[in-house]
Amino acid sequence: MSWLLRLYPAQWRERYGEEFGAVLASQRASPGLVLDVLGGAIDAHLHPQIQHSHSKQILGDNMGDDMTTLEMLQRCAAGGPKLSPRDRRIASLVMILSALVLAGLYIGLTKIYRAAPAVEAVFYMSFPFLALVYGQTAYLRKRHWLTQIFVLGAGLLGLYLVMLAVCVVGSKL
Amino acid sequence: MMQKAKDDAELADFGRFSEPALLILVSLAEGPRHGYSMTEDIEAIAGVRLGPGTLYGALARLEARGLIEPLKSEDRRNPYRLTSLGERALRARLDSMMTVARTGQRRLASA
């Protein structure tokens, strides 16, 4: 059962992994337990509480009441994961270029196919798509380029299919 | 009065972790405990056994809000204790639950 621990984020495992493993080992294996751990892993990815508590622990253990450090940590926490200004600039640039490409694609498709659901889906997916592009570019930048293409491609395809389904259903109502 | 409402609100936005978080605070009200000991204690007092995913989801939130804090331990089972903020939040929540329970019982008695 300890393999389930790998589903949690690395930072979370570093903080709670050992004690979590001890509690997990003390419980009888069951589908309910697996679901509980899976739910916890999804929650840990979606709501990384650990960043906040970890910074508090650092302060308590090593840095005392150094207000400068506290302010720096709070600024980092407020800005989300560590992104350098360069990371943000690159992500913004990629997002703007994607917006231009998407706008061009939409105009071109509208000229040819008018307001077909497949074209409308391109319009509706553009807003979440741009957020997706920014996020993936910023957070996956240090990953292998194949990983980036795969994650972004899968996200884009999923988004398009959902919007297409919505447009097809909407056009039949 | 406002401070009490503020303390009570500490647990309000825990979503599905509200109840486990309250049970953890009740468990820690007796003294520091580690995860396994908490699950045993909570099962004894409330009849529910928290899975590790739920337990640590609630523990991480409580720790992030400063309602509990970890204690140093050589053992891999890290104990936690209530902070003064956690104690106030627990008191406020129990008071508010007690008010609801009393009102409910009074209305049932007069129905």
Side-chain angles (χ1 to χ4, degrees), chain A residues 1-62 65 70 73-74 76-78 80, chain B residues 10-21 23-25 27-28 32-44 47-86:
Chain A
M1 291 290 282
S2 59
W3 59 270
L4 285 168
L5 197 50
R6 292 188 192 168
L7 300 172
Y8 282 77
Q11 201 181 4
W12 194 98
R13 288 201 307 268
E14 196 181 310
R15 168 66 186 83
Y16 295 108
E18 278 197 30
E19 44 183 307
F20 181 92
V23 174
L24 185 62
S26 72
Q27 302 214 358
R28 197 163 48 85
S30 68
L33 179 64
V34 174
L35 282 178
D36 179 77
V37 176
L38 284 178
I42 293 169
D43 172 68
H45 282 282
L46 293 178
H47 306 106
Q49 313 287 331
I50 185 68
Q51 287 181 358
H52 186 64
S53 55
H54 187 60
S55 60
K56 278 176 116 176
Q57 197 181 30
I58 291 169
L59 278 173
D61 289 351
N62 304 322
D65 294 326
L70 177 63
L73 283 169
Q74 283 173 338
C76 290
Chain B
E10 287 289 348
L11 285 169
D13 59 343
F14 274 47
R16 75 178 180 93
F17 292 98
S18 288
E19 199 181 323
L23 292 171
I24 289 169
L25 292 181
S27 179
L28 294 179
R33 285 180 191 277
H34 51 71
Y36 176 71
S37 167
M38 275 181 239
T39 52
E40 296 286 306
D41 185 48
I42 288 168
E43 189 172 16
V48 288
R49 190 166 185 88
L50 297 183
T54 306
L55 178 73
Y56 279 90
L59 276 176
R61 280 169 171 78
L62 289 167
E63 194 187 343
R65 302 287 173 90
L67 301 179
I68 62 170
E69 62 188 1
L71 297 171
K72 291 269 177 219
S73 167
E74 297 302 315
D75 192 355
R76 67 178 188 147
R77 299 185 302 181
N78 220 16
Y80 293 86
R81 73 172 167 208
L82 271 186
T83 61
S84 56
L85 181 64

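The model shown is predicted, which means the values in this text are computed figures rather than measured ones. Just so we're on the same page: letters track the sequence lines, and every chain starts at 1.
- Comparing A/G40, A/G39, A/A22 by how many heavy-atom pairs each has under 4.5 Å with chain B, the most go to A/A22.
- A/L33 touches chain B through its side chain: at least one heavy atom from C-beta onward sits under 4.5 Å away, while N, CA, C and O do not.
- Between the side chain of A/E19 and the backbone N or O of B/P79, no donor-acceptor pair lies under 3.5 Å.
- Contact check for A/R15 versus B/E63: side-chain heavy atoms found under the 4.5 Å cut-off.
- The minimum heavy-atom distance between A/S26 and B/Y36, with the atom names listed, is OG-CD1, 3.1 Å.
- Between A/Q27 and B/L50, the shortest heavy-atom distance links the atoms NE2-O, 3.3 Å.
- Your options are B/H34, B/M38, B/R49, B/E69, and the one with the most heavy-atom pairs under 4.5 Å with chain A is B/R49.
- Contact annotation: the side chain of B/Y56 approaches that of A/W12 to within less than 4.5 Å [non-hydrogen atoms, C-beta and beyond].
- Taking every heavy atom of both residues into account, A/V23 and B/P52 meet most closely at CG1-CB, 4.1 Å.
- Contact count versus chain A (heavy atoms, under 4.5 Å) is highest, among B/T54, B/L59, B/T39, for B/T54.
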